[in-house]
Amino acid sequence: MQVLQGDAARAALTRSFGEIPVPESVLARIEATFGEPLTPEEVVARILADVRARGDEALLDWTEKLDGARPEALEVTREEIEAAQVDPALHDAIRLAAARVRAFYEQQPAHGFLDHGPDGALGQLVRPLSRVGVYVPGGLAPLISTLIHTVVPAQVAGVPEIIVTTPPGRDSRVNPAILVAAREVGVNRIFRVGGAQAIGALAYGTASVPAVDKIAGPGNLFVVIAKRMVYGAAGIESLPGPTETLVVADDSADPRFVAADLLAQAEHLGAEPVLVSTSRDLLVEVQNKLNGQLEALPEPNRSWARDSVLSRMKVVLAADLAEALDLANLYAPEHLCLLTRDPWSLLGQVRRAGGVFVGEASMEALGDYVAGPSHVMPTGGTARFMSPVNVRDFQNIISVVGVNEAALRRIGPPAARLARAEGLEAHARAIESRLTPEVPEAHPEATLKVLEEAALDKDGGQGLEQVERVRTTPPVDQPLSTQTPPSKTRRRDDP
């Protein structure tokens, strides 16, 4: 186990933003599948272009090529959703998770305001998006919780239509646990398509899959690249990639718990576990516990976790907890776990993280399922500027401006002055048109000079005949209306 300190630790935890690192095994699979060495970006661009051009047929072809299934119908029927069954204990757990996530997000402020004051009304309208697409990974494991943790915040936001896409199994069926979770939260439109082709369908629309306003949900490398590429055709909530956990632990931490929390994330493909401790003895004890717990895992979890631990795990010895928190903020982890003697005293020092898990009873794995906040959190250092999935991800904010005439007379002249300072004369005149009886007009000869120059530029002078007709035509007086809509008095409330 290599232990990093000081500058070496800072260098190791400083993110490099650019190309997404691609394992050699992924590149090998691409070449085997496509018959030529392509980058993941080239693969995704090819898939998206095909989906945009051929729609449903492309979805079926790519699903067959990449997932080994060619379903007769892309959309899961309501009868299939209603018939899906799981173990009763699992169904109870799904129901509990949905209830706790819903209760959590119902506490998030989600309303706008209209402030009616002496100057009139200023405020914000908050409106739900019309249609949202949720991507639910289902390849190696059905991520039941992802459906709950993404759909429920959108429902609390008021989104009237939610579309779910998830990869089918080789039998073309969707995992019944995902169908039960969808039924439990009230989703009835599910499509059996995954990967980049699903993102393309949600962004561009096909005969079967409706285009959405925004796409949310985590996915593998190809899903993340696809979300990045379709941005603009549809919004995206973030680019959640491989998971990561940074554990800050002092000498009071139980090494069993530290090792368990690191392995809980390490069993995800491509995960990056990080341990920062103020105790060298603890680091040694955690290493021993980690080895034992790793070997006790079943396959394929053991192989996945071992790859994460051996290839990407970082271990840091910090001089004190202040340095430990400084390094955590530098790294900006998706998950920050505080396993210290007094974890609540550190909360005020946290500036960058997707989620903070305070104390040994608040393990991150609990947050993945039933704690309440969504587990879809920013990864790859994007917690510097992104947030976990929340109600605001599924709403538009519309500014409202309704000033009265008294306010206009006071703030209009400074606004016009600013417009002219920016060289925007028409802006200034639009403001002044409400302050004076008539908008100042350019001298007629100046206007005709502009027309003459335009005519010369356009056709070498042939248009000058038309200009001359304008010069000899009597002007028509067309005064501009200065009437403004009557103001209304309304109380301050949610519009």
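The closest side-chain donor-acceptor pair between Asp307 and Ser311 falls under 3.5 angstrom. When only modelled atom types and interatomic distance are considered, Thr206 and Asp56 share a side-chain donor-acceptor pair under 3.5 Å. Side chain to side chain, Gln287 and Asn291 meet the donor-acceptor criterion of an N or O pair below 3.5 Å.
Remark: the backbone N or O of Ser303 is paired with a side-chain donor or acceptor of Glu299 at under 3.5 angstrom. Listed for the Thr382 side chain is a donor-acceptor partner under 3.5 Å among the backbone atoms of Thr379. The closest donor-acceptor contact from the side chain of Arg10 to the backbone of Leu327 lies at 3.5 Å or more, if one exists at all. The backbone N or O of Asn329 lies less than 3.5 Å from no partner atom in the side chain of Arg351, so there is not a single donor-acceptor pair. Not a single donor-acceptor pair under 3.5 Å links the side chain of Arg102 to the backbone N or O of Val152. Between the side chain of Asn404 and the backbone N or O of Pro118 there is at least one donor-acceptor pair closer than 3.5 Å. In this structure a side-chain-to-backbone donor-acceptor pair under 3.5 Å is missing from Asp119 to Gly117. In this structure a side-chain-to-backbone donor-acceptor pair under 3.5 Å is present from Arg183 to Ile81. Checking side-chain atoms of Tyr105 against main-chain N and O of Ser374 turns up a donor-acceptor pair under 3.5 Å.
Between Tyr135 and Ala198, the shortest heavy-atom contact is CE1-CB, 3.8 Å.
Using a 4.0 Å cut-off between a side-chain N of Lys or Arg and a carboxylate O of Asp or Glu, Arg392 and Glu237 do not qualify as a salt bridge. Under the 4.0 Å criterion applied to side-chain N and carboxylate O atoms, Glu57 and Arg70 are assigned as salt-bridge partners. Comment: Glu41 engages Arg228 in a salt bridge, judged by a side-chain N to carboxylate O separation of less than 4.0 angstrom.
None of Leu129, Leu125, Val126 except one satisfies the side chain to side chain contact (heavy atoms under 4.5 Å, CB included) rule with Asn396; the exception is Leu129. Just one of Glu267, Glu272, Glu334 meets the side-chain hydrogen bond (donor to acceptor under 3.5 Å, both in side chains) condition when paired with Thr243; it is Glu334.
Ring geometry for Phe34 against Trp62 counts as tilted: the plane angle lies between 30° and 60°, on a 0 to 90° scale.
For the atom pair CG (Leu347) and CG (Asp342), the distance works out to 11.0 Å, reported to the nearest 0.5 Å.
Cation-pi geometry between Arg15 and Tyr331 is met: the NZ or CZ atom falls under 6.0 Å from the ring centre, inside 45° of the normal.
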